[in-house]
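See structure below.
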There are 2 protein chains.
Amino acid sequence: MSNENKITNIKETVKLFKIFSDYTRLRIIDLLEGGEFSVQEITDALDTSQSAISHQLKLLRDLHVVKFRKEGKQVIYSLQDNHIKEIFLIGYSHATECKD
Amino acid sequence: MSNENKITNIKETVKLFKIFSDYTRLRIIDLLEGGEFSVQEITDALDTSQSAISHQLKLLRDLHVVKFRKEGKQVIYSLQDNHIKEIFLIGYSHATECKD
DNA sequence: TTGACATATGAGTGAAGATTCATATAAAAT
DNA sequence: ATTTTATATGAATCTTCACTCATATGTCAA
């Protein structure tokens with residue numbers, strides 16, 4: 001592999017890990033693990049401001065981590081693919097099972 | 001599981017993912033994948049200031065990601081366990097193989 | 001023991017990023 | 001049509017964090 005590609009790959013990997021490296025975002029992902037939820041439900045569940053949640057959802061949308069559908073005035077979010085689920089679960093188990 | 005524990009677990013997971021969410025740190029980890037290297041070698045390989053590298057190494061040390069031994073005036077670093085290697089490689093392959 | 005080299009570290013700076021605040025948009029209800 | 005409810009978003013603020021700069025520590029060589 002070229003050095004350029006190597007750099008690009010590392011940078012992509014950083015981007016991926018960054019998704020999971022914020023408390024609010026990870027709680028959203030953790031919640032959405034369990035199904036689909038409206039912004040309201042997410043906001044209530046995480047006890048965080050609606051605005052903060054919406055900003056993070058925008059981020060996750062832009063990164064193709066979540067998808068959404070509209071239902072009346074509500075917007076229902078869910079995880080985009082299992083891809084994300086997998087990485088989250090692997091990290092979660094590593095972080096919790098293997099204490100040093 | 002209690003809610004307290006859940007929160008703690010998520011926070012631990014965030015910490016874990018944060019390790020991998022910086023370009024310099026990830027390059028260090030990627031390099032150390034290949035064996036042990038002195039600070040000098042790391043500094044040269046990553047073309048970054050010695051100070052910046054040392055600061056990140058301190059972080060990685062504190063998080064038990066790397067271990068080190070002294071050899072004369074040199075300090076030789078290597079990865080602490082396979083644990084870290086695994087997560088890095090999983091993230092790396094997800095980030096690079098599965099393009100959207 | 002003095003000087004050169006390797007690494008570590010505290011303080012300061014700057015940039016990225018997460019939250020708040022105010023407000024916009026859009027759909028439903030009255 | 002107007003009000004209420006749900007969500008989104010721009011700007012400002014505040015925080016986190018990575019880097020630089022200066023300097024400390026420690027080891028070897030002369």
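To find a chain, count down the sequence lines: A is the first, B the second, and so on, and within it residues start at 1. Computation of the quantities below employed the complete heavy-atom set of this structure, encompassing side-chain atoms and omitting hydrogens, waters and symmetry-equivalent molecules.
Looking at residues two or more places apart in sequence or on another chain, you find a salt bridge (Lys or Arg N to Asp or Glu O under 4.0 Å) between B:Lys6 and A:Asp30. By the side-chain contact (heavy atoms from CB on, under 4.5 Å) test, B:Thr24 pairs with B:Asp22, B:Arg27, B:Ile28, B:Ile53, B:Gln56, sequence neighbours left out. Listed by chain and number, the residues in a side-chain contact (heavy atoms from CB on, under 4.5 Å) with A:Lys11 are A:Ile7, B:Tyr23 (sequence neighbours excluded). When the side-chain contact (heavy atoms from CB on, under 4.5 Å) test is applied to B:Asn5, the partners found at least two apart in sequence or on another chain are B:Met1, B:Ser2. Scanning for ring-ring contact (aromatic ring centres under 6.0 Å, His included) contacts around A:Phe37 gives an empty result, with sequence neighbours left out. Qualifying side-chain contact (heavy atoms from CB on, under 4.5 Å) partners for A:Leu89, counting only residues two or more places apart in sequence or in other chains: A:Glu33.
Residues in residues 47-65 of chain B take part in these salt bridge (Lys or Arg N to Asp or Glu O under 4.0 Å) pairs, two or more places apart or across chains: B:Lys58-B:Asp62. Annotation: salt bridge (Lys or Arg N to Asp or Glu O under 4.0 Å) contacts involving residues 34-43 of chain B, sequence neighbours excluded, comprise B:Glu36-B:Arg69. Residue pairs that meet the salt bridge (Lys or Arg N to Asp or Glu O under 4.0 Å) test with at least one member in residues 74-89 of chain A, sequence neighbours left out, do not exist here.
Within 4.0 Å (heavy atoms only), A:Leu59 reaches sugar-phosphate atoms of the nucleic acid but no base atom.
Ring-plane geometry between B:Phe68 and B:Tyr77 is classed as tilted, the angle between the planes lying from 30 to 60 degrees on a 0 to 90 degree scale.
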For nucleotides 7-13 of chain D, 5' to 3', base contacts (B), sugar-phosphate-only contacts (S) and non-contacts (-) with protein non-hydrogen atoms under 4.0 Å give BBBBB--
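Taking every nucleotide of DNA chain C with any atom under 4.0 Å from a non-hydrogen atom of chain A, the first and last of them, 5' to 3', are C:dG17 to C:dA28.
Of the residues in residues 19-37 of chain A, not one comes within less than 4.0 Å of DNA chain D through any heavy atom.
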